[in-house]
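Worksheet: one structure, shown below.
Worth knowing before you read on, the calculation uses all heavy atoms, side chains too, and leaves out hydrogens, waters and symmetry mates.
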Amino acid sequence: MASWCVRAVRQSYSVLASPALKSAPVRLLCTATQQKNGPGSEEEPEKTEQTPAEKVLTEEKVQLEDQLKEMTEKYKRALADTENLRTRSQRMVEDAKLYGIQGFCKDLLEVADILEKATESVPKEEVTSQNPHLKNLYDGLVMTEVQIQKVFTKHGLLKLNPEGQKFNPYEHEALFHAPVEGKEPGTVAVVTKVGYKLHGRTLRPALVGVAKAS
């Protein structure tokens, strides 16, 4: 009986000491690991949450970007306002150059009206060489009137004598409306006082009578 027990112990030792049995646990461990992870699987990087300091920095970044955007918009609006102001100022300066003399021109218009009435009042049949004094006076008035109109034209002041033209409320002032034979209704039939425009702007409207349908 004792000899049988000794043999059984020796056989068990030889089985445990065999190379195949030693490598089996390693192979089994590798196989189990492969089955768990799957073939060719790789570990995915873990998503880390932001720390409180990083959250604060992110919020500050957003606030700074918003402030930058707001300041950029304000800067653009300020540039646009400045450009509009510069344009208006330049236009005002140009208008002052063009129309700064309109008060002086209005005063001179009365002088031109007097000259025109003076030349119209002289009887043409009496302006002859037989009456040299009247002729010289008349010629002087005509030359003065021509010269003053040249000065007016040089400074952009033009006469408005709209007889026969269509009535324009921006350039003419109607004193009366009456049926006039041979005149189309709505046209200027009579000019009692000529008007003037300064650089395209009506300085004094022409005083007119307008024809109407009978």
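Between K135 and D139 there is a salt bridge, since a side-chain N of the basic residue sits under 4.0 Å from a carboxylate O of the acidic one. A salt bridge between D95 and R88 is absent, with no side-chain N of the basic residue lying under 4.0 Å from a carboxylate O of the acidic one. Salt bridge status for R86 with E83: present, with a side-chain N to carboxylate O gap under 4.0 Å. Ion pairing between K74 and E70 holds under the 4.0 Å rule for side-chain N and carboxylate O.
Heavy atoms of other residues, nucleotides or ligands lying less than 6.0 angstrom from CD of E73 number more than 12. Other residues, nucleotides and ligands contribute only 12 or fewer heavy atoms inside 6.0 Å of the CD atom of E181.
V122 and I114 fall into different hydrophobic clusters, where Ile, Leu, Val, Met, Phe, Trp and Tyr are joined by side-chain heavy atoms under 4.5 Å apart, directly or via other members. Under a hydrophobic clustering in which Ile, Leu, Val, Met, Phe, Trp and Tyr are joined whenever their side-chain heavy atoms come within less than 4.5 Å, directly or via other members, L198 and L109 fall into the same cluster. One hydrophobic cluster, built from ILVMFWY side chains closer than 4.5 Å, cannot hold both L207 and Y170; they sit in different ones. Linking ILVMFWY side-chain heavy atoms closer than 4.5 Å, directly or via other members, places V146 and Y138 in a single hydrophobic cluster. If you chain together hydrophobic residues whose side chains sit under 4.5 Å apart, V127 and V142 fall into the same group.
Nearest heavy atom pair, residue K183 against residue A189, reads CG-CB, 4.2 Å. The minimum heavy-atom distance between L141 and A118, with the atom names listed, is CD1-CB, 4.0 Å. Shown here for P162 and V188, the closest heavy-atom pair between the two residues is O-CB, 3.4 Å. Looking at every heavy atom in both residues, H172 comes nearest to P205 through C-CB, 4.1 Å. Closest of all the heavy-atom pairs between A174 and V210 is CB-CG2, 3.8 Å. Closest heavy-atom contact between K212 and H177: CE-O, 3.9 Å.
The closest donor-acceptor contact from the side chain of E54 to the backbone of T51 lies under 3.5 Å. Here the side chain of R204 pairs a donor or acceptor atom with the backbone of V194 at under 3.5 angstrom.
In this structure, M143 CE and E145 CD are separated by 12.5 Å, a value rounded to the nearest 0.5 Å. Expressed to the nearest 0.5 Å, how far CD1 of I101 lies from CG of D107 amounts to 12.0 Å. For the atom pair OG1 (T58) and NZ (K61), the distance works out to 7.5 Å, reported to the nearest 0.5 Å. With values rounded to the nearest 0.5 angstrom, Q149 atom CD is found 7.5 Å from E116 atom CD. Interatomic distance, R201 CZ to L203 CG, rounded to the nearest 0.5 Å: 9.5 Å.
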Would you please test L160 and K197 for side chain to side chain contact (heavy atoms under 4.5 Å, CB included) and show each step? CA-CA 7 Å; L160 294 176; K197 294 178 71 174; 3.3 Å; yes

Does the side chain to side chain contact (heavy atoms under 4.5 Å, CB included) test come out yes or no for E60 and V56, once each step is laid out? CA-CA 6 Å; E60 290 181 353; V56 171; 3.8 Å; yes

From CA spacing to verdict: side chain to side chain contact (heavy atoms under 4.5 Å, CB included), L157, H155: CA-CA 6 Å; L157 187 62; H155 293 279; 5.5 Å; no

Side chain to side chain contact (heavy atoms under 4.5 Å, CB included) evaluation trace for L85 with S89: CA-CA 6 Å; L85 179 60; S89 301; 4.1 Å; yes

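L158 is linked by a side-chain contact (heavy atoms from CB on, under 4.5 Å) to T153, counting only residues two or more places apart in sequence or in another chain.
A 4.5 Å side-chain heavy-atom check between T192 and L175 finds at least one atom pair inside the cut-off. Residues Y196 and T202 fail the side-chain proximity criterion, which asks for heavy atoms closer than 4.5 Å.
Taking the six-membered ring where the residue is Trp, H199 and Y99 present perpendicular rings, their angle passing 60° and hence far from 30°.
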